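Below: one structure, written as structure tokens.
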2 protein chains.
Amino acid sequence: MTRSEENYIKTIFHLGGSDSVPIATNAIAEQMETKPSSVTDMAKKLAEKGLVHYKKYQGVSLTEFGIKTALSIIRKHRLWEVFLVKKLDFTWDEVHEVAEQLEHIKSEKLIDKIDELLDFPKFDPHGDPIPSKDGKFMIRDKQLLSDVPVDTEGVCVGVKDTSPTFLKFLDKNNIALGNTIRILEKEEFDQSLHIQMDGKELHISHQIASNLYVKLND
Amino acid sequence: MTRSEENYIKTIFHLGGSDSVPIATNAIAEQMETKPSSVTDMAKKLAEKGLVHYKKYQGVSLTEFGIKTALSIIRKHRLWEVFLVKKLDFTWDEVHEVAEQLEHIKSEKLIDKIDELLDFPKFDPHGDPIPSKDGKFMIRDKQLLSDVPVDTEGVCVGVKDTSPTFLKFLDKNNIALGNTIRILEKEEFDQSLHIQMDGKELHISHQIASNLYVKLND
DNA sequence: AATTAAATTTAGACAAAACTAAAAATTTGT
DNA sequence: ACAAATTTTTAGTTTTGTCTAAATTTAATT
């Protein structure tokens, strides 16, 4: 697998092409900041190799083998992210770019040893699940903070937007995974929230709330 | 810098092209298992970029900038090797291949943090010096075991041949860096040595002795 | 159902990095 | 010093991954 092939497989997976729901050429091109014609070329190549299902004009979806491959790349990406944060004191907004490179390193032993060094983490620094060696991963029941009713309490377990801009904003406002969140009030007008986070009270916009995942307390 | 450019720079450095001693196209091609014509093409490209001195038919040598670049790549390679051995329990014969990939990861912060995590090591698992951030490295006064007179004592500090075959052989015979070595007898006929290593006595061939570096005791 | 709009594919081209075969320069041997 | 051998370069191709522009198919709209 070349680096480029791996990036296509990963993107198709993230766009949902794993459930035999075909993904449009255009959507892939947009996500990868490339041209639809390039996607068509690669689609043919990946189909040749048995990684995707592809019929002209019908979009692309991953085969079983393609899904396995995607999960392996995602596993590497997320384990490296944990490594960078836990062992090298990177902040969660710094890890993505470097992990994009590290995920392509070819050595089964390397990633298994990293996994072991980190004590087999189940989630990455943004709260996303890390597939195990055999492709299984935990699906945590979580909801967007913006979808939660007033007066409920939960724990912040993930972010939807993982851009450095958003993550740095969260840092600045002391919003971190693991924090306890209670919704005190929801403003009808602009959907902004008045919340209590680890004791302190603060206001957050709908934009923010719709990019934070919480797990409700039982 | 592309990966290929980095590999050329590294090879030229290792062949001695850093002392403005030009290296022959053929020598580079052989070392890199490629064709001389490919080397010519790359030589032009690297000269364009100010990394090498190149005059037709006169071979290639690194510029100041080329040397700086080479040292930075070698620094990364060797730090990753230490990381693999010290933190992930790789054996010294396993590290080269993976480090060849890791050395191309582009992140200044990453390699500096790895350096820090390892407590700023000065030598890699094969005894080769690790350049510091500013390109300086220790040159240890060492000699090939085969060049040392009978009855002298020293410490094993490095290997010349770093092939997995040789390194595994050393492991099997409990020869490791840091071991104390005393030459008891040198066989005139085949230059083989009778040595004492950390107490135990053993015989080693000239082939072996000429690939082991020792630092003599004062 | 026909036409327009949008998405997708084809055809042809390009850059990077490699190769082969042939030409040119350098080195060697006598 | 000059022919032979070796080394190096040039010229032309290949592969991978990309692009543009044109053609084609599918989807949307009247």
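Letters A, B, ... are given to chains in the order of the sequence lines, protein chains preceding strands, and every chain is numbered from 1. Everything numeric here is computed off the predicted structure, so don't read it as measured data.
- Distances shown here put a side-chain N or O of Y8(A) below 4.0 Å from the OP1 or OP2 atom of dT18(D).
- For dT6(D), the OP1/OP2 oxygens have no side-chain nitrogen or oxygen of N26(B) closer than 4.0 Å.
- The residues D147(A) and K142(A) are annotated as not salt-bridged, no charged nitrogen and carboxylate oxygen being separated by less than 4.0 angstrom.
- R78(A) places a side-chain N or O within donor-acceptor distance of the main-chain N or O of P129(A), the cut-off being under 3.5 Å.
- Using a 4.0 Å heavy-atom criterion, one finds that S38(B) contacts the bases of the nucleic acid, with or without backbone contacts as well.
- For the pair S4(A) and dT18(D), the criterion of a side-chain N or O lying under 4.0 Å from OP1 or OP2 is met.
- Distance E48(B) CD to dA16(C) P: 11 Å, rounded to the nearest Å.
- Remark: P of dT15(D) and CD of E5(A) are 16 Å apart, rounded to the nearest angstrom.
- Looking at which nucleotide of DNA chain D each of Q58(A) and T2(A) is closest to, the 5′-most match is held by T2(A).
- Nearest to the side chain of K44(B), among dT9(C), dT10(D), dT7(D), sits dT10(D).
- Counting only N and O atoms by type, the side chains of W92(A) and D124(A) include no donor and acceptor under 3.5 Å apart.
- Residue Y57(B) has its side chain nearest to dA24(C) when only dT10(C), dT20(C), dA24(C) are considered.
- When distances are taken from the side chain of T34(B) to each of dA18(C), dT7(D), dT18(D), the shortest belongs to dA18(C).
- Using a distance-only test at 3.5 Å, with no hydrogens or angles considered, a donor-acceptor pair links the side chain of T63(A) to the main chain of G50(A).
- A donor N or O paired with an acceptor N or O is found under 3.5 Å between the base of dT20(C) and the side-chain atoms of S37(B).
- Of all nucleotides listed (dC19(D), dT18(D), dT8(D)), dC19(D) comes nearest to the side chain of K35(A).
- A straight line from CZ of R3(A) to P of dA16(C) spans 18 Å, rounded to a whole angstrom.
- Between K56(A) and dT24(D), a side-chain N or O to OP1/OP2 separation shorter than 4.0 Å is absent.
- Side chain of T25(A), nearest nucleotide from dT20(D), dT9(C), dT9(D): dT9(C).
- Using modelled atom types, one side-chain atom of Q101(B) and one backbone atom of K106(A) make a donor-acceptor pair closer than 3.5 Å.
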